[in-house]
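Reviewing the structure listed below.
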Amino acid sequence: MKNPPNTHVCPVVLEPVAGALDQFFVGALAQGDAVGGIEAHRLIRDDTLCAVYGKKGKELCNLVDQGLSILLLVAKQRGSLQNLPVGVLGLRPGSTRHIFASSLDDAFRTCALLYSSGNGWRE
């Protein structure tokens, strides 16, 4: 028997240039029983952003962290992952999904598997 969904996850993508095709899945927000509130986490590694953007990669890591912090603050104030701001520092939250997760790490791991291909968040 499958476990019922108990957690919501929301992917977050980086769109360095508005309207451009280069968009990267960089992090996620999670809320639910397995999370114990609302949490955010950057899922793209520093070395990945540095490989793509060179010397500016480290600054971009900081920008992503700040954007995720802002999205987390807004989500906590609203008490939900629904209706988050459309764009914060080049970050854009995607569609929220209801999943089963046994822990916070499991929620973020599942979100990474669902959205890392770049197609899952474009719903």
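In this structure, Phe108 and Ala30 approach most closely via the heavy-atom pair CE2-CB, 3.9 Å.
Residues satisfying the side chain to side chain donor-acceptor pair (under 3.5 Å) criterion with Thr48, sequence neighbours excluded, are absent altogether. Checked against side chain to side chain donor-acceptor pair (under 3.5 Å), Asn62 has no partners two or more places apart in sequence or in another chain. Remark: Ala75 pairs with Ile38, Leu81, Leu84 by the side chain to side chain contact (heavy atoms under 4.5 Å, CB included) rule, at least two apart or across chains.
Here the CG-CG distance, from Leu60 to Leu14, works out to 5.0 Å after rounding to the nearest 0.5 Å. Here the straight-line distance linking atom SG of Cys111 with atom CD1 of Ile99 works out to 7.0 Å at 0.5 Å rounding.
At a threshold of 4.5 Å between side-chain heavy atoms, the hydrophobic network of Ile, Leu, Val, Met, Phe, Trp and Tyr places Leu89 and Val52 in one connected group.
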Exercise for the section: Please lay out, stage by stage, how Ser103 and Asp106 fare under the test side-chain contact (heavy atoms from CB on, under 4.5 Å). Expected result: CA-CA 5 Å; Ser103 66; Asp106 189 33; 3.4 Å; yes
Handout entry: side-chain contact (heavy atoms from CB on, under 4.5 Å) between Val13 and Phe24, worked out
Key = CA-CA 5 Å; Val13 297; Phe24 302 96; over 6 Å; no
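Sorted by first and then second residue, the ring-ring contact (aromatic ring centres under 6.0 Å, His included) pairs with a member in residues 62-107 read His8-His98; sequence neighbours excluded. Pairs of residues two or more places apart, or lying in two chains, that qualify as side-chain hydrogen bond (donor to acceptor under 3.5 Å, both in side chains) and include a residue from residues 28-44 are Arg42-Asp46, Arg42-Asp65. Applying the side-chain hydrogen bond (donor to acceptor under 3.5 Å, both in side chains) definition to pairs two or more places apart or across chains, none involves residues 71-85.
A 4.5 Å side-chain heavy-atom check between Val12 and Arg92 finds every atom pair outside the cut-off. Leu43 is listed as a side-chain neighbour of Phe25, based on a closest heavy-atom distance under 4.5 Å. At least one side-chain heavy atom of Val35 sits under 4.5 Å from a side-chain heavy atom of Thr7. Side-chain contact between Leu91 and Val64 is present, with heavy atoms from C-beta onward closer than 4.5 Å. In this structure, the side chains of Tyr53 and Lys58 stay at 4.5 Å or more apart for every pair of heavy atoms. In this structure, the side chains of Pro11 and Leu114 stay at 4.5 Å or more apart for every pair of heavy atoms. In this structure, the side chains of Val74 and Val88 stay at 4.5 Å or more apart for every pair of heavy atoms. Contact of the Val9 side chain with the Thr110 side chain is not registered, since no non-hydrogen atoms from C-beta on lie closer than 4.5 Å.
At distances below 3.5 Å, at least one donor-acceptor pair connects side-chain atoms of Asn6 with backbone N or O atoms of Ala101.
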